[in-house]
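Notes follow once the structure below has been shown.
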Amino acid sequence: MQSKVEALIAPVEPTTRAAEVQAHEDEGTRALVLRARAGDRHAFALLVRKYDRRALTTAWRILGNREDAFDATQEAFVRLFRFLDRIDDSRDVGAWIYRIVVNACYDLLKARKRTDDLRVQVERIGPGEEPAVDEALDHRREGERVLAAIAQLPLKERTALVLRDLEGLPTAEVAKILQSSEVTVRSQICAARAKLRAIRACAATGDKGTP
Amino acid sequence: MKCRDVARRLPLFAGEDLSPAEMAIVRGHLQRCVECDALAREGANDRRWLVEGGGASMEADIDPVLLTRLQVGVLDRLPEPDHSTRWSARFRRIFGPWDGPRRALLGGTAIAGAVLVALLHANVPMTDDFTVAREEPAPARRALPEPAVVVPAEPAVVPAIQDQDRGNRDWRVHWTSELHEDGASAADRRAAVARRRPISIASGDPSVRIIWLAQNEQPEGPL
């Protein structure tokens, strides 16, 4: 039988350690939620600080521009505060925040009725401009092209693709966030990847047509 | 699996979103088919472009200043804490917001309670087994009466007889009461007592006449 000392000095599997860290983080997040639910605004501020970057990037990828993403993220966190008592303690708080952010983005698009006219902030490179030498700048421009390509996808497919590929969530979690079935989400992701590939091919050949 | 079926699954294969069995089948096909393998490589390249490029564009634009603006904006927009002492505010603090599920729960409870009270008030039997509920109770056995106990009564003692053993004053009192029954006035009684004259007292029987005489006194006339 393994003694306690041997158990302490035994090497820990990386997956086990990651799971422990994740469990510790989840416990801390749950404690923050409970404190915020009891009216502790400082705890809620910590909660906002923990998820603000993730929420803002998700909203940005769905909406296509920074200003709308900023408004939608603010609205999402205000909704989170209002409905803190509805959060299921057994579920991941991050999934709740994703869901609220997605709903806030949809509501913003409905309110502004700009679903088909997204303002994508893509920095155009002029015809006579020298290609970027700086690798970081090159990466940034490539990212903006990705964002512009994503913005051409239908809203549902875009949301599923953002959550699955860019946020790295499993398909089952995406289905829960979107309140849909896994089969539907898989189909949306498949269609989005195929369209994205067509968009990229069109961009490479200089064709401006829609996929 | 044919190339057409594999090509349809390649977008999901790139993200490993297929089931393990399908992944194995597609991998096996790609090892045999060069064209499908080339398509799969392009799909993997596209996904890499999407993942790496999609993350790169945000990092430079989401700076700490923007996040601080976001946090301050959120905290400014939060509703003020409700310290009201009104009953509605207390209810909200204890039970949470008055939303749909809570309304439905309370409404259902109220309706069920009203139905229960109505049923009880209407005296409707709550069970289908009506005969069991209405079964007459067995008649109780009648108890025999207790045997009578005769208690011998004490002999009646008339206070007036007892008073005879006392002094003259008690006799006068007794006389006074008898005279009152005979119909003599109070003045006559007092005079008779003072003179100690013989007094006739009605006995109730017309053939019997009771005459009281004072000590050493002879009756006047025939008895």
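Reminder, nothing fancy here: chain letters follow the sequence lines and each chain counts from 1.
Nearest heavy-atom pair, A/Thr171 versus B/Asp17, reported as atom, atom and distance to 0.1 Å: OG1-OD1, 3.4 Å. When all heavy atoms of A/Cys190 and B/Arg8 are compared, the closest pair comes out as SG-O, 3.8 Å.
A distance-only check finds no donor-acceptor pair linking the side chain of A/Arg186 to the backbone of B/Leu12 [under 3.5 Å].
Residue A/Leu161 touches chain B through its side chain alone, counting heavy-atom pairs closer than 4.5 Å. Residue A/Ala191: no heavy atom, backbone or side chain, is found under 4.5 Å from chain B.
Here the CG-CZ distance, from B/Leu50 to A/Arg197, works out to 13.5 Å after rounding to the nearest 0.5 Å.
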Output side-chain donor-acceptor pairs under 3.5 Å for residues 20-30 of chain B, partner residues at least two apart or in another chain, one line each.
from: B/Glu22; atom 1: OE1; to: B/Ser19; atom 2: OG; distance (Å): 3.4
from: B/Glu22; atom 1: OE2; to: B/Arg9; atom 2: NE; distance (Å): 3.2
from: B/His29; atom 1: ND1; to: B/Met1; atom 2: O; distance (Å): 3.4

Could you pull out every donor-acceptor pair under 3.5 Å between side chains of residues 66-79 of chain B and any protein atom, sequence neighbours left out?
from: B/Thr68; atom 1: OG1; to: B/Pro64; atom 2: O; distance (Å): 2.7
from: B/Gln71; atom 1: NE2; to: A/Asp52; atom 2: OD2; distance (Å): 2.7
from: B/Arg77; atom 1: NH2; to: A/Glu75; atom 2: OE1; distance (Å): 2.5

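When the candidates A/Val162, A/Asp165, A/Val48 are compared by the number of heavy-atom contacts under 4.5 Å with chain B, A/Asp165 comes out ahead.
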- Please assess B/Asp46 against A/Arg200 for the test side chain to side chain contact (heavy atoms under 4.5 Å, CB included), listing each intermediate value before the final yes or no. CA-CA 8 Å; B/Asp46 285 342; A/Arg200 194 182 174 199; 2.6 Å; yes
